[in-house]
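Shown next, in C-alpha coordinates, is the structure this report addresses.
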Amino acid sequence: MGLPRPPTPPSRSPLPLTPLGRRGRARGCHPTPAPLGRAGSPLVRQHRRLTHGRPVIGSAVSRELGAGSPLGAEGGLWGSSWGSQRVGEVVSPAAGRRDAGGAAAAMLAKPLTLSAPGKAILHGEHAVVHGKAALAVALNLRTFLQIRPSTDGRVLICLPNIGATLNWDTVRLRARLPAFSAGLDESKSPSPEQMDALKEFAGITTGLQATESLAILAFLYLYLAISANYGQIPSVEIVVWSELPTGAGLGSSAAYSVCLSAALLTACGAIGCPLEEEKSVARWPEEELDLINRWAFRGEQVIHGKPSGVDNSVATWGGVLRFQSGKITLLKRVPTPRILLTNTKVSRSTKILVAGVKDKILKFPAIMNPVLASIDAISHECERVLEAMAMSPSQEYYPVLEELFDINQHHLNVIGVGHSSLDSVCRVTAAYGLHSKLTGAGGGGCAITLLRPDTDPLMVESARRDLSACGFECLETSIGAPGICLHSLSSLKAEVLHVFNEV
(Lines give C-alpha, C1' and ligand atoms only; values in the text may rest on other atoms or scores of the structure.)
Protein backbone atom coordinates (compact mmCIF):
# COMPACT_ATOMS: atom_id res chain seq x y z
CA MET A 1 0.00 0.00 0.00
CA GLY A 2 1.79 3.12 -1.15
CA LEU A 3 1.15 6.79 -1.42
CA PRO A 4 -0.84 7.77 -4.52
CA ARG A 5 1.12 9.30 -7.36
CA PRO A 6 -1.23 11.40 -9.45
CA PRO A 7 -1.12 10.74 -13.18
CA THR A 8 0.09 13.15 -15.79
CA PRO A 9 -2.37 13.60 -18.64
CA PRO A 10 -0.54 12.39 -21.74
CA SER A 11 -2.03 14.55 -24.43
CA ARG A 12 -3.02 17.83 -22.85
CA SER A 13 -1.72 21.02 -24.38
CA PRO A 14 1.51 21.85 -22.55
CA LEU A 15 1.75 25.12 -20.70
CA PRO A 16 4.46 27.41 -22.06
CA LEU A 17 7.76 27.40 -20.22
CA THR A 18 8.61 30.44 -18.15
CA PRO A 19 11.87 32.16 -19.11
CA LEU A 20 14.55 31.34 -16.58
CA GLY A 21 17.28 33.38 -14.97
CA ARG A 22 20.96 32.76 -15.57
CA ARG A 23 21.13 29.91 -13.09
CA GLY A 24 17.98 28.24 -14.47
CA ARG A 25 15.70 29.32 -11.61
CA ALA A 26 12.67 31.52 -11.48
CA ARG A 27 13.78 34.98 -10.47
CA GLY A 28 11.98 35.02 -7.13
CA CYS A 29 8.62 35.40 -5.49
CA HIS A 30 6.68 38.49 -4.52
CA PRO A 31 8.75 41.19 -6.22
CA THR A 32 6.97 43.90 -4.24
CA PRO A 33 7.06 43.89 -0.43
CA ALA A 34 3.92 42.77 1.34
CA PRO A 35 2.00 45.52 3.10
CA LEU A 36 2.27 43.72 6.40
CA GLY A 37 4.47 46.11 8.33
CA ARG A 38 6.77 43.28 9.41
CA ALA A 39 10.52 43.62 9.47
CA GLY A 40 12.82 40.80 8.56
CA SER A 41 16.18 40.29 6.94
CA PRO A 42 17.04 37.47 4.53
CA LEU A 43 17.27 34.20 6.39
CA VAL A 44 20.37 32.09 6.50
CA ARG A 45 19.94 28.40 7.02
CA GLN A 46 21.37 25.01 6.24
CA HIS A 47 20.09 23.25 3.17
CA ARG A 48 20.34 19.76 1.91
CA ARG A 49 19.75 19.33 -1.81
CA LEU A 50 16.76 17.26 -2.79
CA THR A 51 17.34 13.95 -4.50
CA HIS A 52 14.12 12.40 -5.66
CA GLY A 53 15.48 8.90 -6.13
CA ARG A 54 12.63 7.97 -8.46
CA PRO A 55 11.68 8.40 -12.11
CA VAL A 56 10.14 11.58 -13.39
CA ILE A 57 6.41 11.22 -13.95
CA GLY A 58 5.76 9.63 -17.29
CA SER A 59 2.76 9.88 -19.56
CA ALA A 60 0.60 7.09 -18.17
CA VAL A 61 -3.07 7.87 -18.41
CA SER A 62 -3.67 6.67 -14.87
CA ARG A 63 -1.87 5.17 -11.91
CA GLU A 64 -2.95 2.83 -9.19
CA LEU A 65 -4.14 4.58 -6.05
CA GLY A 66 -2.19 2.50 -3.62
CA ALA A 67 -3.63 3.66 -0.32
CA GLY A 68 -6.91 4.45 1.28
CA SER A 69 -10.49 3.34 0.95
CA PRO A 70 -13.43 4.45 -1.17
CA LEU A 71 -14.28 7.07 1.44
CA GLY A 72 -13.21 10.64 0.84
CA ALA A 73 -10.90 12.36 3.26
CA GLU A 74 -13.63 14.67 4.58
CA GLY A 75 -15.96 11.74 5.13
CA GLY A 76 -17.49 12.37 1.69
CA LEU A 77 -17.96 9.59 -0.86
CA TRP A 78 -15.27 8.06 -3.01
CA GLY A 79 -15.46 6.18 -2.29
CA SER A 80 -6.62 21.90 -14.16
CA SER A 81 -5.44 24.59 -14.40
CA TRP A 82 -4.65 22.89 -17.65
CA GLY A 83 -7.46 22.47 -20.13
CA SER A 84 -9.50 25.30 -21.49
CA GLN A 85 -7.99 27.85 -19.13
CA ARG A 86 -4.36 28.60 -18.32
CA VAL A 87 -3.50 29.64 -14.82
CA GLY A 88 0.08 30.78 -14.49
CA GLU A 89 3.01 29.06 -16.10
CA VAL A 90 5.55 26.43 -15.15
CA VAL A 91 9.29 26.10 -15.31
CA SER A 92 11.28 23.03 -16.17
CA PRO A 93 11.61 20.46 -13.34
CA ALA A 94 15.37 20.86 -13.19
CA ALA A 95 15.04 24.58 -12.56
CA GLY A 96 13.64 24.04 -9.08
CA ARG A 97 16.69 22.26 -7.74
CA ARG A 98 19.68 24.33 -8.83
CA ASP A 99 21.30 26.52 -6.25
CA ALA A 100 18.31 25.71 -4.03
CA GLY A 101 19.86 26.74 -0.73
CA GLY A 102 20.58 30.37 -1.53
CA ALA A 103 17.43 30.83 -3.59
CA ALA A 104 15.19 29.37 -0.88
CA ALA A 105 16.64 31.70 1.72
CA ALA A 106 16.22 34.66 -0.62
CA MET A 107 12.61 33.86 -1.46
CA LEU A 108 11.72 33.72 2.23
CA ALA A 109 13.00 37.24 2.67
CA LYS A 110 9.48 38.16 1.55
CA PRO A 111 6.10 36.51 2.14
CA LEU A 112 5.13 33.59 -0.07
CA THR A 113 1.40 33.25 -0.81
CA LEU A 114 -0.34 30.20 -2.26
CA SER A 115 -3.75 28.59 -2.50
CA ALA A 116 -5.43 25.25 -3.21
CA PRO A 117 -9.04 24.45 -4.16
CA GLY A 118 -11.74 22.45 -2.44
CA LYS A 119 -13.51 19.56 -4.12
CA ALA A 120 -17.00 18.31 -4.86
CA ILE A 121 -18.28 15.08 -6.34
CA LEU A 122 -20.11 15.72 -9.58
CA HIS A 123 -21.39 12.18 -10.20
CA GLY A 124 -20.79 8.70 -8.83
CA GLU A 125 -21.57 9.05 -5.13
CA HIS A 126 -21.90 5.66 -3.39
CA ALA A 127 -21.64 3.78 -6.69
CA VAL A 128 -17.88 4.35 -6.51
CA VAL A 129 -17.76 2.21 -3.35
CA HIS A 130 -18.95 -0.68 -5.52
CA GLY A 131 -16.39 -0.29 -8.31
CA LYS A 132 -18.19 2.27 -10.46
CA ALA A 133 -16.74 5.54 -11.76
CA ALA A 134 -17.03 8.87 -9.94
CA LEU A 135 -16.09 12.37 -11.08
CA ALA A 136 -14.46 14.78 -8.63
CA VAL A 137 -14.14 18.46 -9.49
CA ALA A 138 -12.01 21.25 -8.05
CA LEU A 139 -14.11 24.06 -6.58
CA ASN A 140 -13.10 27.66 -7.02
CA LEU A 141 -13.44 28.05 -3.27
CA ARG A 142 -9.91 28.03 -1.99
CA THR A 143 -7.68 27.76 1.04
CA PHE A 144 -5.01 30.48 1.14
CA LEU A 145 -1.69 30.27 2.97
CA GLN A 146 0.96 32.90 3.53
CA ILE A 147 4.39 32.00 4.92
CA ARG A 148 6.52 34.89 6.20
CA PRO A 149 10.06 35.21 7.49
CA SER A 150 10.50 35.71 11.21
CA THR A 151 13.50 36.75 13.29
CA ASP A 152 12.27 35.75 16.76
CA GLY A 153 13.46 32.14 16.69
CA ARG A 154 9.94 30.73 16.74
CA VAL A 155 7.57 28.96 14.37
CA LEU A 156 4.00 30.30 14.44
CA ILE A 157 0.82 29.08 12.78
CA CYS A 158 -2.37 31.13 12.78
CA LEU A 159 -5.74 29.68 11.71
CA PRO A 160 -8.25 32.55 11.75
CA ASN A 161 -11.20 30.37 10.65
CA ILE A 162 -11.09 28.42 13.92
CA GLY A 163 -9.55 31.13 16.09
CA ALA A 164 -6.31 29.28 16.79
CA THR A 165 -2.79 30.69 17.00
CA LEU A 166 0.12 28.62 18.31
CA ASN A 167 3.88 29.00 18.28
CA TRP A 168 6.91 26.98 19.28
CA ASP A 169 10.59 27.60 19.84
CA THR A 170 12.55 26.37 16.81
CA VAL A 171 15.25 24.82 19.03
CA ARG A 172 12.64 22.68 20.79
CA LEU A 173 11.12 21.68 17.46
CA ARG A 174 14.46 20.73 15.91
CA ALA A 175 15.27 18.53 18.88
CA ARG A 176 12.51 16.23 17.59
CA LEU A 177 13.79 15.97 14.01
CA PRO A 178 15.56 12.57 14.40
CA ALA A 179 12.22 10.84 14.98
CA PHE A 180 10.98 12.08 11.59
CA SER A 181 13.99 11.45 9.36
CA ALA A 182 12.94 8.13 7.85
CA GLY A 183 12.06 9.73 4.51
CA LEU A 184 8.98 9.48 2.32
CA ASP A 185 8.61 5.72 2.66
CA GLU A 186 5.61 4.90 0.52
CA SER A 187 4.87 1.69 2.41
CA LYS A 188 4.35 3.38 5.79
CA SER A 189 1.92 5.84 7.33
CA PRO A 190 2.89 8.24 10.12
CA SER A 191 3.63 5.95 13.05
CA PRO A 192 1.60 5.84 16.29
CA GLU A 193 4.82 6.70 18.15
CA GLN A 194 5.25 9.85 16.07
CA MET A 195 1.64 10.87 16.66
CA ASP A 196 1.89 10.26 20.40
CA ALA A 197 5.07 12.34 20.57
CA LEU A 198 3.41 15.19 18.66
CA LYS A 199 0.32 15.12 20.88
CA GLU A 200 2.50 15.28 23.97
CA PHE A 201 4.61 18.09 22.50
CA ALA A 202 1.52 20.11 21.50
CA GLY A 203 -0.24 19.45 24.80
CA ILE A 204 -3.15 17.63 23.16
CA THR A 205 -4.63 15.38 25.83
CA THR A 206 -8.25 15.15 24.70
CA GLY A 207 -9.73 13.17 21.81
CA LEU A 208 -8.66 13.88 18.24
CA GLN A 209 -12.05 14.98 16.91
CA ALA A 210 -11.42 18.66 17.52
CA THR A 211 -10.64 20.48 14.28
CA GLU A 212 -7.92 22.54 15.95
CA SER A 213 -6.11 19.50 17.35
CA LEU A 214 -6.06 17.69 14.01
CA ALA A 215 -4.91 20.79 12.12
CA ILE A 216 -2.05 21.38 14.56
CA LEU A 217 -0.94 17.74 14.47
CA ALA A 218 -0.88 17.76 10.66
CA PHE A 219 1.19 20.95 10.65
CA LEU A 220 3.71 19.69 13.21
CA TYR A 221 4.09 16.38 11.39
CA LEU A 222 4.67 18.00 7.99
CA TYR A 223 7.03 20.65 9.43
CA LEU A 224 9.22 18.07 11.19
CA ALA A 225 9.15 15.39 8.49
CA ILE A 226 9.92 17.81 5.64
CA SER A 227 12.62 19.57 7.70
CA ALA A 228 14.22 16.25 8.61
CA ASN A 229 14.35 15.07 5.01
CA TYR A 230 15.16 18.17 2.95
CA GLY A 231 16.79 20.72 5.23
CA GLN A 232 15.70 22.70 8.24
CA ILE A 233 12.95 25.25 7.73
CA PRO A 234 13.88 28.61 9.25
CA SER A 235 11.88 30.60 11.76
CA VAL A 236 8.61 31.47 10.02
CA GLU A 237 5.04 32.64 10.54
CA ILE A 238 2.27 30.80 8.66
CA VAL A 239 -1.29 32.07 8.26
CA VAL A 240 -3.95 29.82 6.73
CA TRP A 241 -7.42 31.10 5.86
CA SER A 242 -10.09 29.28 3.88
CA GLU A 243 -13.26 30.00 1.94
CA LEU A 244 -14.28 26.39 2.55
CA PRO A 245 -16.44 25.26 5.48
CA THR A 246 -14.96 22.47 7.58
CA GLY A 247 -16.63 19.08 7.89
CA ALA A 248 -18.89 19.62 4.86
CA GLY A 249 -17.27 17.04 2.58
CA LEU A 250 -15.68 19.74 0.41
CA GLY A 251 -12.02 18.80 0.85
CA SER A 252 -11.06 21.55 3.30
CA SER A 253 -8.50 19.41 5.12
CA ALA A 254 -6.90 18.29 1.84
CA ALA A 255 -6.57 21.89 0.63
CA TYR A 256 -4.96 22.70 4.00
CA SER A 257 -2.50 19.79 3.72
CA VAL A 258 -1.61 20.64 0.12
CA CYS A 259 -0.96 24.30 1.00
CA LEU A 260 1.20 23.34 3.98
CA SER A 261 3.21 20.81 1.97
CA ALA A 262 3.85 23.23 -0.89
CA ALA A 263 4.85 26.07 1.45
CA LEU A 264 7.18 23.96 3.60
CA LEU A 265 8.81 22.21 0.63
CA THR A 266 9.42 25.60 -0.98
CA ALA A 267 10.72 27.11 2.26
CA CYS A 268 13.40 24.44 2.66
CA GLY A 269 14.36 24.50 -1.04
CA ALA A 270 13.08 21.02 -1.89
CA ILE A 271 11.06 22.53 -4.73
CA GLY A 272 11.52 25.75 -6.65
CA CYS A 273 9.53 28.97 -6.75
CA PRO A 274 8.14 29.38 -10.28
CA LEU A 275 6.54 32.78 -9.73
CA GLU A 276 8.22 35.32 -12.03
CA GLU A 277 8.31 39.06 -11.38
CA GLU A 278 5.90 39.84 -14.19
CA LYS A 279 3.47 37.02 -13.38
CA SER A 280 0.50 37.14 -11.02
CA VAL A 281 -0.09 33.38 -10.68
CA ALA A 282 2.16 30.38 -11.32
CA ARG A 283 2.22 26.63 -10.80
CA TRP A 284 4.99 24.17 -10.10
CA PRO A 285 6.18 21.67 -12.74
CA GLU A 286 4.61 18.24 -12.70
CA GLU A 287 7.40 16.43 -10.88
CA GLU A 288 7.25 18.92 -8.02
CA LEU A 289 3.44 18.80 -7.92
CA ASP A 290 3.78 15.06 -7.49
CA LEU A 291 6.06 15.58 -4.47
CA ILE A 292 3.63 18.14 -2.98
CA ASN A 293 0.76 15.66 -3.44
CA ARG A 294 2.60 12.79 -1.79
CA TRP A 295 3.44 14.85 1.30
CA ALA A 296 -0.10 16.24 1.42
CA PHE A 297 -1.38 12.68 1.52
CA ARG A 298 0.71 12.24 4.68
CA GLY A 299 -1.03 15.24 6.19
CA GLU A 300 -4.38 13.69 5.28
CA GLN A 301 -3.33 10.45 6.98
CA VAL A 302 -2.67 12.39 10.17
CA ILE A 303 -6.13 13.97 10.01
CA HIS A 304 -8.25 11.11 8.66
CA GLY A 305 -6.34 7.87 9.18
CA LYS A 306 -7.12 6.14 5.87
CA PRO A 307 -7.95 8.74 3.21
CA SER A 308 -8.50 7.70 -0.40
CA GLY A 309 -6.01 10.21 -1.79
CA VAL A 310 -8.64 11.73 -4.07
CA ASP A 311 -9.15 14.97 -2.14
CA ASN A 312 -5.45 15.88 -2.00
CA SER A 313 -5.07 14.93 -5.68
CA VAL A 314 -7.87 17.34 -6.63
CA ALA A 315 -6.34 20.09 -4.46
CA THR A 316 -2.93 19.53 -6.07
CA TRP A 317 -3.84 19.04 -9.71
CA GLY A 318 -7.18 20.84 -9.97
CA GLY A 319 -9.61 20.42 -12.87
CA VAL A 320 -11.69 17.23 -13.00
CA LEU A 321 -10.62 13.68 -12.26
CA ARG A 322 -12.21 10.27 -12.55
CA PHE A 323 -11.82 7.78 -9.73
CA GLN A 324 -12.62 4.10 -10.22
CA SER A 325 -11.43 0.93 -8.49
CA GLY A 326 -8.40 2.64 -6.97
CA LYS A 327 -7.30 4.47 -10.13
CA ILE A 328 -7.23 8.22 -10.67
CA THR A 329 -7.44 9.64 -14.18
CA LEU A 330 -7.18 13.35 -14.87
CA LEU A 331 -9.31 14.79 -17.65
CA LYS A 332 -7.11 16.36 -20.30
CA ARG A 333 -9.19 19.49 -20.86
CA VAL A 334 -12.06 20.76 -18.75
CA PRO A 335 -14.53 23.66 -18.86
CA THR A 336 -15.29 25.79 -15.81
CA PRO A 337 -19.10 25.91 -15.44
CA ARG A 338 -20.63 28.05 -12.71
CA ILE A 339 -22.59 26.42 -9.90
CA LEU A 340 -24.44 27.25 -6.73
CA LEU A 341 -23.07 25.31 -3.78
CA THR A 342 -25.60 24.91 -0.97
CA ASN A 343 -24.69 23.65 2.48
CA THR A 344 -27.83 22.38 4.20
CA LYS A 345 -25.90 22.23 7.50
CA VAL A 346 -27.57 18.88 8.19
CA SER A 347 -25.00 16.56 9.77
CA ARG A 348 -24.83 12.96 8.67
CA SER A 349 -22.79 9.79 9.15
CA THR A 350 -21.09 8.64 5.98
CA LYS A 351 -20.43 5.25 7.56
CA ILE A 352 -24.13 4.68 8.26
CA LEU A 353 -25.17 5.86 4.79
CA VAL A 354 -22.64 3.58 3.07
CA ALA A 355 -23.80 0.62 5.17
CA GLY A 356 -27.43 1.36 4.29
CA VAL A 357 -26.69 1.31 0.56
CA LYS A 358 -24.80 -1.96 0.92
CA ASP A 359 -27.70 -3.56 2.80
CA LYS A 360 -30.15 -2.47 0.11
CA ILE A 361 -27.93 -3.95 -2.62
CA LEU A 362 -27.74 -7.26 -0.75
CA LYS A 363 -31.50 -7.30 -0.24
CA PHE A 364 -32.50 -6.30 -3.79
CA PRO A 365 -29.52 -7.06 -6.07
CA ALA A 366 -31.60 -7.39 -9.25
CA ILE A 367 -33.07 -3.93 -8.60
CA MET A 368 -30.12 -2.05 -7.15
CA ASN A 369 -27.28 -3.23 -9.40
CA PRO A 370 -28.89 -1.72 -12.53
CA VAL A 371 -29.21 1.58 -10.61
CA LEU A 372 -25.48 1.51 -9.84
CA ALA A 373 -24.74 0.69 -13.47
CA SER A 374 -26.83 3.67 -14.54
CA ILE A 375 -24.94 5.99 -12.16
CA ASP A 376 -21.70 4.67 -13.67
CA ALA A 377 -22.99 5.44 -17.17
CA ILE A 378 -23.92 8.97 -16.03
CA SER A 379 -20.35 9.58 -14.84
CA HIS A 380 -18.88 8.45 -18.16
CA GLU A 381 -21.41 10.44 -20.20
CA CYS A 382 -20.75 13.55 -18.13
CA GLU A 383 -17.01 13.10 -18.67
CA ARG A 384 -17.58 12.94 -22.43
CA VAL A 385 -19.73 16.08 -22.37
CA LEU A 386 -17.25 18.06 -20.26
CA GLU A 387 -14.37 17.24 -22.61
CA ALA A 388 -16.52 18.21 -25.60
CA MET A 389 -17.42 21.50 -23.90
CA ALA A 390 -13.75 22.28 -23.32
CA MET A 391 -12.93 21.66 -26.97
CA SER A 392 -15.91 23.59 -28.36
CA PRO A 393 -17.77 25.73 -25.79
CA SER A 394 -21.48 25.86 -26.54
CA GLN A 395 -24.75 26.37 -24.69
CA GLU A 396 -26.08 23.19 -26.28
CA TYR A 397 -24.28 21.00 -23.74
CA TYR A 398 -26.04 22.47 -20.70
CA PRO A 399 -29.42 20.73 -21.24
CA VAL A 400 -27.55 17.40 -21.28
CA LEU A 401 -25.72 18.20 -18.03
CA GLU A 402 -28.98 19.33 -16.43
CA GLU A 403 -30.74 16.11 -17.38
CA LEU A 404 -27.85 14.06 -15.98
CA PHE A 405 -28.20 16.01 -12.71
CA ASP A 406 -31.92 15.17 -12.54
CA ILE A 407 -31.49 11.48 -13.34
CA ASN A 408 -28.66 11.01 -10.87
CA GLN A 409 -30.54 12.79 -8.08
CA HIS A 410 -33.45 10.40 -8.56
CA HIS A 411 -31.05 7.43 -8.45
CA LEU A 412 -29.49 8.70 -5.23
CA ASN A 413 -32.94 8.93 -3.65
CA VAL A 414 -33.65 5.37 -4.82
CA ILE A 415 -30.54 3.98 -3.12
CA GLY A 416 -31.53 5.70 0.11
CA VAL A 417 -29.16 8.66 0.56
CA GLY A 418 -31.58 11.51 -0.04
CA HIS A 419 -32.90 13.86 2.65
CA SER A 420 -35.74 16.32 3.03
CA SER A 421 -33.25 19.21 3.14
CA LEU A 422 -31.85 18.14 -0.23
CA ASP A 423 -35.37 17.83 -1.60
CA SER A 424 -35.90 21.43 -0.51
CA VAL A 425 -32.82 22.57 -2.42
CA CYS A 426 -34.06 20.81 -5.57
CA ARG A 427 -37.57 22.24 -5.17
CA VAL A 428 -36.42 25.83 -4.55
CA THR A 429 -34.00 25.87 -7.48
CA ALA A 430 -36.46 24.11 -9.82
CA ALA A 431 -38.85 27.01 -9.28
CA TYR A 432 -36.28 29.14 -11.12
CA GLY A 433 -35.68 26.57 -13.86
CA LEU A 434 -32.43 25.37 -12.29
CA HIS A 435 -31.27 21.77 -11.78
CA SER A 436 -29.66 20.46 -8.57
CA LYS A 437 -28.32 17.27 -7.03
CA LEU A 438 -26.64 16.25 -3.81
CA THR A 439 -22.86 16.06 -3.74
CA GLY A 440 -20.98 13.69 -1.45
CA ALA A 441 -22.44 11.26 1.05
CA GLY A 442 -25.98 12.65 1.01
CA GLY A 443 -28.31 12.43 3.99
CA GLY A 444 -27.97 16.21 4.26
CA GLY A 445 -24.63 17.89 3.64
CA CYS A 446 -24.24 19.82 0.38
CA ALA A 447 -25.95 20.15 -2.98
CA ILE A 448 -24.79 21.65 -6.27
CA THR A 449 -26.91 23.57 -8.79
CA LEU A 450 -25.78 24.04 -12.39
CA LEU A 451 -25.86 27.59 -13.79
CA ARG A 452 -25.88 28.27 -17.51
CA PRO A 453 -23.68 31.12 -18.78
CA ASP A 454 -26.77 33.15 -19.70
CA THR A 455 -28.62 32.60 -16.41
CA ASP A 456 -30.06 35.91 -15.23
CA PRO A 457 -27.99 37.16 -12.24
CA LEU A 458 -31.16 38.52 -10.62
CA MET A 459 -32.72 35.06 -10.80
CA VAL A 460 -29.61 33.52 -9.24
CA GLU A 461 -29.72 36.06 -6.43
CA SER A 462 -33.40 35.31 -5.83
CA ALA A 463 -32.68 31.57 -5.66
CA ARG A 464 -29.86 32.21 -3.19
CA ARG A 465 -32.14 34.36 -1.06
CA ASP A 466 -34.82 31.62 -0.97
CA LEU A 467 -32.23 28.98 -0.06
CA SER A 468 -30.91 31.17 2.73
CA ALA A 469 -34.47 31.57 4.00
CA CYS A 470 -34.53 27.77 4.40
CA GLY A 471 -31.59 28.06 6.79
CA PHE A 472 -29.03 26.97 4.21
CA GLU A 473 -25.73 28.58 3.30
CA CYS A 474 -25.45 29.22 -0.44
CA LEU A 475 -22.39 30.33 -2.43
CA GLU A 476 -21.86 30.94 -6.13
CA THR A 477 -18.64 29.48 -7.50
CA SER A 478 -17.34 27.39 -10.41
CA ILE A 479 -15.86 23.94 -10.98
CA GLY A 480 -12.72 22.86 -12.85
CA ALA A 481 -10.60 25.30 -10.84
CA PRO A 482 -6.79 25.22 -10.92
CA GLY A 483 -4.88 23.21 -8.36
CA ILE A 484 -2.22 24.52 -5.97
CA CYS A 485 -0.95 27.93 -7.15
CA LEU A 486 1.54 30.60 -6.14
CA HIS A 487 0.18 34.16 -6.11
CA SER A 488 1.60 37.63 -6.29
CA LEU A 489 0.02 39.89 -3.71
CA SER A 490 -1.54 42.01 -6.46
CA SER A 491 -3.52 38.98 -7.68
CA LEU A 492 -5.25 38.34 -4.34
CA LYS A 493 -8.81 39.36 -3.57
CA ALA A 494 -9.29 42.21 -1.11
CA GLU A 495 -10.82 39.85 1.45
CA VAL A 496 -7.76 37.60 1.44
CA LEU A 497 -5.36 40.53 1.67
CA HIS A 498 -7.36 41.91 4.59
CA VAL A 499 -6.99 38.64 6.51
CA PHE A 500 -3.25 38.50 5.96
CA ASN A 501 -2.80 42.15 6.87
CA GLU A 502 -4.79 41.81 10.08
CA VAL A 503 -2.93 38.78 11.44
Side-chain angles (χ1 to χ4, degrees), residues 83-87 117-123 135 137-142 243-245 248 250 318-320 333-346 378 381-410 412-413 418-440 444-482 493-496:
S84 60
Q85 66 176 39
R86 289 178 174 178
V87 180
K119 80 92 178 52
I121 303 176
L122 197 59
H123 291 291
L135 295 180
V137 295
L139 294 171
N140 202 24
L141 296 172
R142 306 182 73 83
E243 298 172 323
L244 294 160
L250 300 176
V320 181
R333 294 179 62 87
V334 296
T336 56
R338 293 184 303 137
I339 62 166
L340 288 181
L341 177 69
T342 303
N343 184 0
T344 67
K345 303 180 184 178
V346 175
I378 289 170
E381 177 65 11
C382 183
E383 178 180 343
R384 184 193 67 78
V385 173
L386 291 176
E387 291 190 323
M389 287 176 69
M391 294 294 293
S392 179
S394 172
Q395 293 266 18
E396 69 184 34
Y397 295 109
Y398 280 88
V400 179
L401 293 178
E402 290 169 346
E403 195 162 1
L404 293 178
F405 265 43
D406 293 341
I407 297 170
N408 202 0
Q409 179 62 23
H410 287 302
L412 292 166
N413 282 326
H419 190 270
S420 59
S421 63
L422 296 166
D423 293 339
S424 295
V425 175
C426 293
R427 183 173 61 255
V428 168
T429 55
Y432 293 94
L434 303 174
H435 300 256
S436 304
K437 66 173 289 291
L438 69 85
T439 179
C446 293
I448 52 178
T449 303
L450 187 65
L451 299 177
R452 297 191 184 196
D454 61 353
T455 302
D456 185 351
L458 293 177
M459 186 175 71
V460 174
E461 185 56 37
S462 296
R464 290 182 62 180
R465 185 171 56 250
D466 290 352
L467 290 167
S468 297
C470 295
F472 306 148
E473 181 181 5
C474 186
L475 300 170
E476 183 176 347
T477 185
S478 60
I479 61 175
K493 296 183 291 187
E495 183 181 14
V496 179

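These values consider heavy atoms only, across backbone and side chains, with no hydrogens, waters or symmetry-generated copies. Just so it is clear, the structure is predicted and the values come from calculations on it, not from any experiment.
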Do [X] and [Y] come within less than 4.5 Å of each other through their side chains, counting heavy atoms only?
{"X": "K437", "Y": "T449", "value": "no"}
{"X": "I448", "Y": "F405", "value": "yes"}
{"X": "I479", "Y": "N140", "value": "no"}
{"X": "V428", "Y": "C470", "value": "yes"}
{"X": "V320", "Y": "L122", "value": "no"}
{"X": "C446", "Y": "L250", "value": "yes"}
{"X": "T344", "Y": "L422", "value": "yes"}

Is a side-chain donor-acceptor pair under 3.5 Å present for T429 with S436?
-> yes
Quick one: do the R465 and S462 side chains pair a donor with an acceptor below 3.5 Å?
-> yes
Residue pair L475, L141: steps toward the side-chain contact (heavy atoms from CB on, under 4.5 Å) verdict = CA-CA 9 Å; L475 300 170; L141 296 172; 3.9 Å; yes
Pairwise distance [atom1]([X]) to [atom2]([Y]) - rounded to 0.5 angstrom:
{"X": "T439", "Y": "L412", "atom1": "OG1", "atom2": "CG", "answer": "9.5 Å"}
{"X": "L139", "Y": "L244", "atom1": "CG", "atom2": "CG", "answer": "7.0 Å"}
{"X": "I339", "Y": "T477", "atom1": "CD1", "atom2": "OG1", "answer": "6.0 Å"}
{"X": "N408", "Y": "E381", "atom1": "CG", "atom2": "CD", "answer": "12.5 Å"}
{"X": "E387", "Y": "C382", "atom1": "CD", "atom2": "SG", "answer": "10.5 Å"}

Looking at every heavy atom in both [X] and [Y], which two are closest together, and how far apart are they?
{"X": "N413", "Y": "H419", "answer": "OD1-N, 4.5 Å"}
{"X": "L135", "Y": "E383", "answer": "CD1-N, 3.8 Å"}
{"X": "T342", "Y": "F472", "answer": "CG2-CB, 3.6 Å"}
{"X": "V425", "Y": "L467", "answer": "CA-CD2, 4.0 Å"}
{"X": "A390", "Y": "P335", "answer": "CB-N, 3.8 Å"}
{"X": "Q409", "Y": "C426", "answer": "CG-SG, 4.0 Å"}

Test side-chain contact (heavy atoms from CB on, under 4.5 Å) on L401 and H435 and set out the steps.
-> CA-CA 9 Å; L401 293 178; H435 300 256; over 6 Å; no
What's the verdict on side chain to side chain donor-acceptor pair (under 3.5 Å) for Y432 and D456, showing C-alpha distance, side-chain angles and the deciding distance?
-> CA-CA 10 Å; Y432 293 94; D456 185 351; over 6 Å; no
For the pair E473 and R464, evaluate salt bridge (charged side-chain N to carboxylate O under 4.0 Å, His left out) and give the outcome as yes or no after the intermediate values.
-> CA-CA 9 Å; E473 181 181 5; R464 290 182 62 180; over 6 Å; no
Would you sort out whether E476 and L341 count as a side-chain contact (heavy atoms from CB on, under 4.5 Å), showing the intermediate values?
-> CA-CA 6 Å; E476 183 176 347; L341 177 69; over 6 Å; no
For the pair H123 and L404, evaluate side-chain contact (heavy atoms from CB on, under 4.5 Å) and give the outcome as yes or no after the intermediate values.
-> CA-CA 9 Å; H123 291 291; L404 293 178; 4.1 Å; yes
